[in-house]
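Contents: one structure, followed by commentary.
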Amino acid sequence: MKILILSTPVGALSSGIGGGVELTIYNLIQEMQLRHHQVTVVAPKGSKFANANIIEIDGNVHIPAQTQTRNTPITMPENSVLGNMWEYARQVQSDYDVLVNFAFDWLPFYLTPFFQTSIAHFISMGSLSDSLDQIMAETALQYPDNFAVYTQAQADTFPFPEVCQCLSSGIDLSLYKFQPSAEKKLAWLGRIAPEKALEDAVKASDITQIPLLIFGKIQDEDYWQNIVQEYPNAPITYKGFLSTTDLQQELGNCSALLMTPRWIEAFGNVAIEALACGVPVISYARGGPAEIVTDGKTGFLVTPDSIDELVTAIARIPQIERTICRQIAEQEYSLQVWGDRFEAWLKSLIVNS
Ligand code: HBI
């Protein structure tokens, strides 16, 4: 297949602003190239990925949808990078068998009927706005095979769950080394922004006085500063936005990963990264992580927003077998298994002209 991937307009690939969708796009490129498909990526200027064919597009990035309210009108910045990306796609579409959209934005959905080449829409978050839900639902009505998500929990947040293909996610397990034992440290991993509720993990660290290592891009500086000021005695260390190689080394040395999503996390790639290192996951029973973690086996699922239950679960970490965590990652979340599902979906959309 000749595949054209259109990235998120919120930031350049490898900036970390795109969060989990950056990892998904990177993995898709690797997996499809392994399968001898031709892959080209259209992304904002400054995007860079190892061994990927990236077409960099100029223009202004979009406001992250999760910072808006449900009825915020759709905005198109002047010289929108998204508009420019899709103008490029319009011009070259006949060179490709399928286009894959990763933008969580109004335009690509609206454009679907105007394109001759099939557009596969991969939705990377749960429902965030009424106007986006509406344009997606209208498009899904006409193109019911063209919508895929990570999890059923994510699909259920939209008015069209019945047409969503749940592809789950996967990671390159060869990049993650299993560590059979760990120090008495906790980890938190992800974009540092309100919807991820880092403050809950910091509070749990403050209560237990167990060191908490924090990894990820600081997307909201004020939010981060408020947490630091509110919990001066919490034993937290900000480790930065590390490469996978460095991240997995540090993460694997932790006794558990804390996941505290305030929103319906579409998947939670960080959960399978932890499991791949043998690290149990303690998460709010909400969204994607609730479908990834098996309570009592690969970690613990606690009542959403209950810090007391986080603390109780932290005391139970020794009950989890770290080898089981790695085994589950290998059985359920390898790139091969995920790549097969994604490839089958794309193939199903190619209209042999
Ligand atoms: N916001 N407007 C907009 N468009 C996106 O593609 C987008 C976003 N916010 C976050 C985001 N993508 C990714 O970080 C998540 O899909 C993972």
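Every heavy atom of this structure was used, including side-chain atoms; hydrogens, water molecules and symmetry mates were not. Order of listing sets the numbers, starting from 1, for every ligand and every atom in it.
- Each of Thr8, Pro9, Val10, Ile17, Gly18, Gly19, Gly20, Val21, Ile63, Pro64, Ala65, Gln66, Phe102, Ala103, Phe104, Asp105, Ser124, Met125, Arg191 has a non-hydrogen atom positioned under 4.0 Å from some atom of ligand 1.
- Contact record, Met76 with Ser80: CE-OG, 3.4 Å, taken as the closest heavy-atom pair.
- The number of heavy atoms from other shown groups lying within 6.0 Å of NZ (Lys177) is above 12.
- Contact check on Glu31 versus Arg341 returns no salt bridge, with no Lys/Arg side-chain nitrogen under 4.0 Å from an Asp/Glu carboxylate oxygen.
- With no hydrogens or angles considered, no side-chain donor-acceptor pair links His121 and Asn146 at under 3.5 Å.
- Between Phe147 and Phe158, the distance separating the two ring centers is not shorter than 6.0 angstrom.
- For Tyr110, the OH atom sits in a loose shell: 12 or fewer heavy atoms of surrounding residues, nucleotides or ligands are nearer than 6.0 Å.
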